[in-house]
Amino acid sequence: MLIFATNNQNKVKEINSILNGVIEVKSLKESGIEIDIPEPHQTLEENAREKSKTIYNLTQTACFSEDTGLEIFLLNGEPGVKSARYADDENNYLNNIDKVLKKLAGISDRSAQFKTIISLLINNQEFQFEGICKGTITETEIGTNGFGYDPIFIPDGSSKTFAEMTIEEKNIFSHRKKAVAQLVQFLKNR
Ligand code: ITT
């Protein structure tokens, strides 16, 4: 059993759908852990490590976390590590999307990528896995599924935004799916 160190229930849903029971995972909520883990660092890698270490130190149980960012090419990789709190301190998805669309107004190169870093902590040793999904940012929000920046991101190879897809469709393309696939492979080979 692995604890998934996240407070984001959308991530829990996606990871459960990807794993489909192959590995037993318990969210913080299911483990009865209520904690707001700080993400003080300047990289996804360090923030992911902060989250898994915090929960490992608390539980002494194998666990993993993930930190994800949307990186927009012409904005020098913004919002990146600041994705949750791009517009303000509140992790407000609509305000964050609004800020991205305003910054990209009139810009035709809208290429971007989602990057997920998973940090796994087992027996006090850390292992990291990365998943990248390349795509483009739309001119307006399209679709109501998913979370975060999903309504403005079209993955390469599709004509739909993530927010127009079911979780299963999003998993065909997603950063999170690619990082989790590596995690599963690693655990199988141990
Ligand atoms: P935890 O730290 O508790 O896991 P969080 O929501 O703070 O949850 P992150 O710091 O990793 O998670 O995420 C940063 C933001 O990036 C998140 O709030 C969303 O706005 C966005 N995001 C992450 N994954 C996404 C996805 O698959 N699709 C769209 N937006 C995503």
Exercise. If you group Ile, Leu, Val, Met, Phe, Trp and Tyr by side-chain heavy-atom gaps below 4.5 Å, do V81 and L75 land in one group?
Worked result: no
Exercise. Do the side chains of I142 and P151 get nearer than 4.5 Å, heavy atoms only?
Worked result: no
Exercise. Do I152 and Y93 share a hydrophobic cluster (ILVMFWY, side-chain heavy atoms under 4.5 Å, transitive)?
Worked result: no
For this session: Using a cut-off of 6.0 Å, state whether more than 12 heavy atoms not belonging to K99 lie near its atom NZ.
Result: yes
For this session: Could you tell me whether E168 atom CD has more than 12 heavy atoms of other residues or ligands within 6.0 Å of it?
Result: yes
Exercise. Quick one: does S31's side chain have a donor or acceptor within less than 3.5 Å of a partner on I33's backbone?
Worked result: no
Exercise. Can a donor-acceptor pair be found between the side chains of T116 and E130 at a distance below 3.5 Å?
Worked result: no
Problem set entry | Verdict with supporting geometry, E169 and K160, side chain to side chain contact (heavy atoms under 4.5 Å, CB included) | CA-CA 10 Å; E169 283 178 279; K160 291 198 262 186; 2.7 Å; yes
Exercise. Is there a path of hydrophobic side-chain contacts, each under 4.5 Å between heavy atoms of I, L, V, M, F, W or Y residues, that connects I167 with V12?
Worked result: no
Exercise. For the side chain of T61 and the backbone of T59, is there at least one donor-acceptor N/O pair under 3.5 Å apart?
Worked result: yes
Exercise. Counting only N and O atoms by type, is there a donor-acceptor contact under 3.5 Å from the side chain of Y56 to the main-chain atoms of N124?
Worked result: yes
For this session: Kindly say whether T138 contributes a backbone atom to a donor-acceptor pair with the side chain of R110 at under 3.5 angstrom?
Result: yes
For this session: Report the C-alpha distance between F162 and F173 in whole Å, list the side-chain angles of each, state the deciding distance to 0.1 Å, and finish with yes or no for side chain to side chain contact (heavy atoms under 4.5 Å, CB included).
Result: CA-CA 9 Å; F162 273 156; F173 303 96; 4.0 Å; yes
Problem set entry | Side chains of E66 and T6 in contact at under 4.5 Å (non-hydrogen atoms) | no
Exercise. Taking side chain as C-beta onward, heavy atoms only, is L2 less than 4.5 Å from K26?
Worked result: no
For this session: For residues V180 and V184, determine if any side-chain heavy atom of one lies less than 4.5 Å from a side-chain heavy atom of the other.
Result: yes
For this session: Taking N7 for its side chain and I35 for its backbone only, find out whether a donor-acceptor pair lies under 3.5 Å.
Result: yes
Exercise. Charged N to carboxylate O below 4.0 Å: is that the case for R85 and E90?
Worked result: no
For this session: List the atom of E39, the atom of D67, and the distance in Å for their closest heavy-atom pair.
Result: OE1-OD1, 3.0 Å
For this session: Check S174 against C133 and note the closest heavy-atom contact, atom names and distance.
Result: C-CB, 4.2 Å
Exercise. Does a side-chain heavy-atom distance below 4.5 Å link N95 with Y86?
Worked result: no
Problem set entry | Ionic contact status for K29 with E34, cut-off 4.0 Å | no
For this session: Kindly work out whether a path of hydrophobic side-chain contacts (I/L/V/M/F/W/Y, heavy atoms less than 4.5 Å apart) joins V22 to I118.
Result: yes
Exercise. Atom CG in L121, atom CD1 in I3: separation rounded to 0.5 Å?
Worked result: 11.5 Å
Exercise. Within a radius of less than 6.0 Å around CG of N57, do more than 12 heavy atoms belonging to other residues, nucleotides or ligands occur?
Worked result: yes
For this session: Could you grab the distance from atom CD of E78 to atom CG of L104, nearest 0.5 Å is fine?
Result: 10.5 Å
Exercise. Which atom names give the shortest non-hydrogen contact between P40 and Q42, and what distance separates them?
Worked result: O-NE2, 4.1 Å
Problem set entry | Any side-chain heavy-atom pair of V25 and M1 under 4.5 Å | no
Seminar exercise, completed: Separation between OG1 (T43) and CG (N47), nearest 0.5 Å, reads 6.5 Å
Problem set entry | Nearest atoms (heavy-atom pairs only) where L94 meets E141 | CD2-OE1, 3.6 Å
Exercise. Any donor and acceptor pair, going by atom type alone, linking the side chain of N145 with main-chain N or O of M165 inside 3.5 Å?
Worked result: yes
Exercise. Okay, side chain of S65, backbone of A48: is any donor-acceptor separation there less than 3.5 Å?
Worked result: yes
Exercise. Hey, is CZ on F147 packed in by over 12 heavy atoms from elsewhere, all under 6.0 Å?
Worked result: yes
For this session: Kindly say whether P155 contributes a backbone atom to a donor-acceptor pair with the side chain of S158 at under 3.5 angstrom?
Result: no
Problem set entry | Distance in Å, S119 OG paired with L44 CG, rounded so as to fall on 0.5 Å steps | 12.0 Å
For this session: Count the heavy atoms of every other residue, nucleotide or ligand shown that sit under 6.0 Å from CG of N123, and state whether that count exceeds 12.
Result: no
Problem set entry | Stepwise side chain to side chain contact (heavy atoms under 4.5 Å, CB included) check, D150 with N10 | CA-CA 11 Å; D150 280 345; N10 289 293; over 6 Å; no
Problem set entry | Reported CZ-to-CZ distance for the pair F64 and F129, which is rounded to 0.5 angstrom | 10.5 Å
Problem set entry | Flag, side chain of Q128 to backbone of E45, donor-acceptor distance under 3.5 Å | yes
Exercise. In terms of side-chain heavy atoms, does T136 have a donor or acceptor partner in S111 at a distance below 3.5 Å?
Worked result: no
For this session: Answer yes if I23 and I55 sit in the same cluster of Ile, Leu, Val, Met, Phe, Trp and Tyr residues linked by side chain heavy atoms under 4.5 Å apart, and no otherwise.
Result: no
Exercise. Can you check whether A84's main-chain N or O pairs, donor with acceptor, with N96's side chain at less than 3.5 Å?
Worked result: yes
Exercise. Are any of the side-chain heavy atoms of I132 and K134 separated by less than 4.5 Å?
Worked result: yes
Seminar exercise, completed: NZ of K82 to CG of L70, rounded to nearest 0.5 Å, is 12.5 Å
For this session: Could you verify whether a donor N or O on one side chain and an acceptor N or O on the other, from N171 and S17, lie under 3.5 Å apart?
Result: yes
Problem set entry | 4.5 Å side-chain heavy-atom contact, Q9 and K11 | no
Problem set entry | side chain to side chain contact (heavy atoms under 4.5 Å, CB included) assessment of E50 paired with H41 | CA-CA 9 Å; E50 182 87 28; H41 304 291; 2.6 Å; yes
